[in-house]
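First up is the structure itself, then whatever we jot down about it.
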Amino acid sequence: MEQVRVRFAPSPTGPLHIGGVRTALYNYLFAKKSGGTFILRIEDTDQTRFVEGAEEYIMESLEWCGIIVDEGIKEGGPFGPYRQSDRKAIYREYADILINKGAAYYSFDTTEHLESLRKEAEKTGNTFIYNASNRNELSNSLSLAENEWKIKLEKGEPYVIRYKMPKNEEIHFEDIIRGHIVVNSSTLDDKVLFKSDGMPTYHLANIVDDHLMKISHVIRGEEWLPSLPLHILLYRSFGWDPPLFSHLPLLLKPDGKGKLSKRDGDKMGFPVFPLFWPFGETAKGYREEGYYPDAFVNMIALLGWNPGTEQEIFSMKELIDAFTIDRVGKSGSRFDPEKAKWFNHQYLQKKSNNQLAIEFREFLRTYGHHVDIVNLEVLVGMVKERVSFVRDIWDQTDFFFKAPEMYDQEVIKKRWTPDSAALLMELKAELEKADSFSAVDLEPAIKSWIEEKGYNMGVIMNAFRLVVVGALRGPHMFDIISWIGREETLKRIDKGVSHINK
RNA sequence: GGUCCAUUCGUCUAGUGGUUAGGACGUCAGGUUUUCAUCCUGUUAACAGGGGUUCGAUUCCCCUAUGGACUACCA
C-alpha cells in the first residue's frame with residue numbers, strides 16, 4: 001500500500017472552529033494509525049478574507065491539542081511551500097495545462113452581468129447555471145471567435161478561467177463514509193478555477209496541491225461533498241489518479257436547527273473555539289475556560305466517531321489505535337456542552353492532588369491568596385471529586401480563605417434553634433481545650449462529648465457549619481476546621497453567634 | 001427553487017432480517033453523607049411516517065416528511 005499522506009487545509013479567515021479542529025484530529029488519527037504523514041496547508045487564496053493572526057491561531061490550536069504537524073509552513077518539508085499564496089506561480093501553470101487540453105477556457109463576463117442573469121433566472125423560479133446549456137451565449141473563448149478573444153487577452157481585459165463541464169454525463173464516485181454517489185454533470189456549472197486577480201480558486205489550488213503533495217486521502221467537511229464531482233473531473237482532466245475521499249458530517253447546534261456557530265456558544269455559555277481569540281470581536285476558548293487539552297480532544301473525537309465498544313475515555317495514543325474512518329457516522333452531531341464538562345471532570349479526577357494544587361495555586365494568586373503547596377494538596381483532596389474544572393475548586397473552598405460575611409437566611413430559619421447559640425459556646429469551650437486540632441483526633445472527641453451530653457448531633461453540627469461556612473455546604477466539618485485552624489474556628493463561632501442572634 | 005447528503009432514547013451513539021433494541025451524558029428516585037456535592041444503585045426514554053420485499057423488518061427497496069450542505073472571481 002502506498003504511503004498515507006493526509007492534509008488539514010484551513011483558510012486563515014479567523015479563529016479555527018471546533019468542527020475544523022475535529023477535521024484536523026481525524027486526519028491526524030488516520031495518518032498516525034498507519035504511520036503516515038500529517039500535513040498542514042494554509043489555503044489563503046482569497047486575499048480579501050485574510051485575517052491577521054489566524055494562521056498562528058491555527059498552529060497554536062493544533063499544538064495545544066497535541067496534533068503534531070509533520071509538514072507545514074513552520075515545519076517545512078519536501079513538498080513546500082505549504083502556504084498557497086506562496087505557490088501562486090504553480091497554479092497558473094496548471095490552469096494553462098487545462099486550457100491547452102481543452103478542459104478549461106477563458107471567460108470575460110463581468111460579475112455584474114452574471115449577477116443580473118442570476119437575478120433574472122430567480123424571478124422565473126429558475127437557477128442560472130453557467131455551463132454547456134448557455135456558455136455559447138456568454139462571453140468566453142468558446143463562444144467568441146479565436147481572434148476576438150485573443151485580442152481581449154492582449155488588451156489585458158480581465159478574465160477568469162473556467163472549467164469546461166461536460167454535458168449530460170453521469171459522474172460516479174465513491175466516498176469512504178457515504179459510499180457510491182452519482183451526479184449528472186448538467187446540474188453542475190463551469191466553475192471558476194482561476195480568478196481575475198491572478199489567484200486560483202479553492203478547486204484548482206486544492207487539486208493541484210493534493211496531487212503535488214502526494215495526498216493519499218482527503219478527509220474534509222461535508223460542505224465539500226457537492227463539489228466532489230468537479231474535483232473528480234479535474235483529476236481526470238489532468239490525467240491524475242484521485243486520492244480517496246471521506247466527507248465528515250457537520251457539528252450541529254445543541255438545540256434548534258443548523259450548524260454550530262459562535263452565537264450558540266455566546267448564548268449558552270460555552271466556547272466554540274479551542275483557544276481564546278483576542279482580535280476584533282473576541283471569542284472564548286476551551287483552553288481559557290479550563291479544559292484540559294486531552295479532555296477536549298477526547299470529547300471532540302467522540303463527536304461523530306465511536307469505536308464500537310463501550311470505552312469513552314481515550315488518550316491520544318488510544319484514539320490513534322482505535323480510529324478507523326469507516327466508523328465515522330453519516331449524520332451531523334449535535335454538540336452537547338454538558339457532556340463536554342463531564343469529559344473534563346473525568347480527566348481532572350485522574351490528576352494527582354499535587355498537580356491540582358499547583359494549578360490551583362496559580363488561580364489563587366489572582367485572588368491574592370498565597371498558600372503553601374502542602375496545605376493546598378490537603379484542600380484539593382477534600383473537594384476534588386466535586387469539581388470539573390480547577391477554577392471550580394475556588395467555588396468549593398472560598399470559605400476556607402475568608403470568614404463568611406453572610407449567613408444563609410433559609411438555614412437560620414430552619415435550623416437555628418433558641419439554644420443554638422448556647423450550644424455553640426459550649427462547643428467552643430470544648431474546641432478550646434482540645435489537645436489536638438487534627439480532624440482524626442477532634443472528630444471522635446467532639447462526637448463523644450455530644451453523646452455524653454445527650455445533645456442532638458444535627459442541631460449542633462448544622463449550627464456549627466452555619467457559623468463556619470455561612471451555609472450548609474462544603475466538605476466534612478472536621479476537615480474544614482482542622483484546615484483553617486483553632487484560632488480561626490473560634491473566631492468564626494463568636495462572629496457567627498453574635499451576628500445571627502442580633 | 002435545483003443538486004447532493006442524512007434520519008435509533010432529550011443529546012452522543014451501539015446494534016441485528018427474528019434482541020427484553022445495549023451503553024454514556026442528562027432527567028428522576030433511592031442509598032451513602034450530621035450539610036452540600038461527589039459516589040453507588042435503580043429509573044426514565046428511541047428505531048420519523050407510509051408503502052413494498054419477506055414467514056418475519058428497526059435492519060433491504062421506494063415514496064413522503066423533516067433536517068443539513070451546496071448552489072460566489074469564499075473556502
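Model, not experiment: these values are computed from the prediction.
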Hey, can you pull the donor-acceptor pairs under 3.5 Å for the side chains in residues 385-395 of chain A, sequence neighbours left out?
unit_1, atom_1, unit_2, atom_2, d
A/R391, NH1, A/E289, O, 2.8
A/D392, OD2, A/S388, N, 3.3
A/D392, OD2, A/F389, N, 3.2

>> Any side-chain N or O of A/R162 below 4.0 angstrom from OP1/OP2 of B/C73?
In response: yes
Could you go over nucleotides 59-67 of chain B and give all protein N or O partners under 3.5 Å, atom names and distances?
unit_1, atom_1, unit_2, atom_2, d
B/G67, OP1, A/K257, NZ, 2.6

>> I need the CD-C1' distance between A/E122 and B/U71, as an integer number of Å.
In response: 10 Å
> Given A/T45 and A/T201, is the side-chain contact (heavy atoms from CB on, under 4.5 Å) satisfied, shown in steps?
Replying inline: CA-CA 7 Å; A/T45 53; A/T201 61; over 6 Å; no
> On a whole-Å scale, what distance lies between the P atoms belonging to B/U11 and B/G26?
Replying inline: 16 Å
> Which whole-number value in Å describes the distance from A/H17 NE2 to B/A75 P?
Replying inline: 19 Å
>> Quick check: on RNA chain B, is the nucleotide nearest A/T127 upstream (toward 5') of the one nearest A/P158, or the reverse? Name the residue that is more 5'.
In response: A/T127
>> Work out how far the C1' atom of B/A57 is from that of B/A48, and round it to whole angstrom.
In response: 16 Å
>> Between B/U58 and B/C9, how far apart are the two C1' atoms, rounded to whole Å?
In response: 14 Å
>> Working note: A/Y202 + A/S227, criterion side chain to side chain donor-acceptor pair (under 3.5 Å); need CA distance, chi angles, decisive distance, verdict.
In response: CA-CA 10 Å; A/Y202 172 85; A/S227 47; over 6 Å; no
> Pick from A/F399, A/F478, A/F401, A/F437: which one makes a ring-ring contact (aromatic ring centres under 6.0 Å, His included) with A/W483?
Replying inline: A/F401
> Using atom P of each nucleotide, how far apart are B/G68 and B/C28 to the nearest Å?
Replying inline: 30 Å
> Considering only side-chain heavy atoms of A/T187, which listed nucleotide, B/U11, B/A75, B/U3, is closest?
Replying inline: B/U3
> To the nearest 0.5 Å, how far apart are OG in A/S246 and CG in A/N27?
Replying inline: 9.0 Å
> Near RNA chain B, under 4.0 Å by heavy atom, which residues of residues 197-205 of chain A?
Replying inline: A/P200, A/T201, A/Y202
>> Could you tell me how far B/U54 sits from B/G22 if I compare only their C1' atoms? Round to whole Å.
In response: 27 Å
>> Suppose you measure atom P in B/U53 against the same atom in B/G15; what distance do you get, rounded to whole Å?
In response: 29 Å
>> Which nucleotide wins on minimum distance to the side chain of A/I181, given the candidates B/C5, B/C12, B/C36?
In response: B/C5
>> Suppose you measure atom P in B/A6 against the same atom in B/C60; what distance do you get, rounded to whole Å?
In response: 12 Å
> Hey, which of these two, A/F128 or A/Q84, hits RNA chain B nearer its 5' end, going by closest nucleotide?
Replying inline: A/F128
> Distance between the C1' atoms of B/U44 and B/U27, in whole angstroms?
Replying inline: 7 Å
> Taking N and O atoms by type only, does the side chain of A/R386 place a donor or acceptor under 3.5 Å from a partner on the base of B/U38?
Replying inline: no
>> With a 3.5 Å limit on both atom pairs, tell me what B/A14 is paired to, counting Watson-Crick and G-U wobble, or say none.
In response: none
>> Tell me if the centroids of the rings in A/F335 and A/F270 come within less than 6.0 Å of each other.
In response: yes
>> Could you check whether A/Y347 and A/Y292 have their ring centres less than 6.0 Å apart?
In response: no
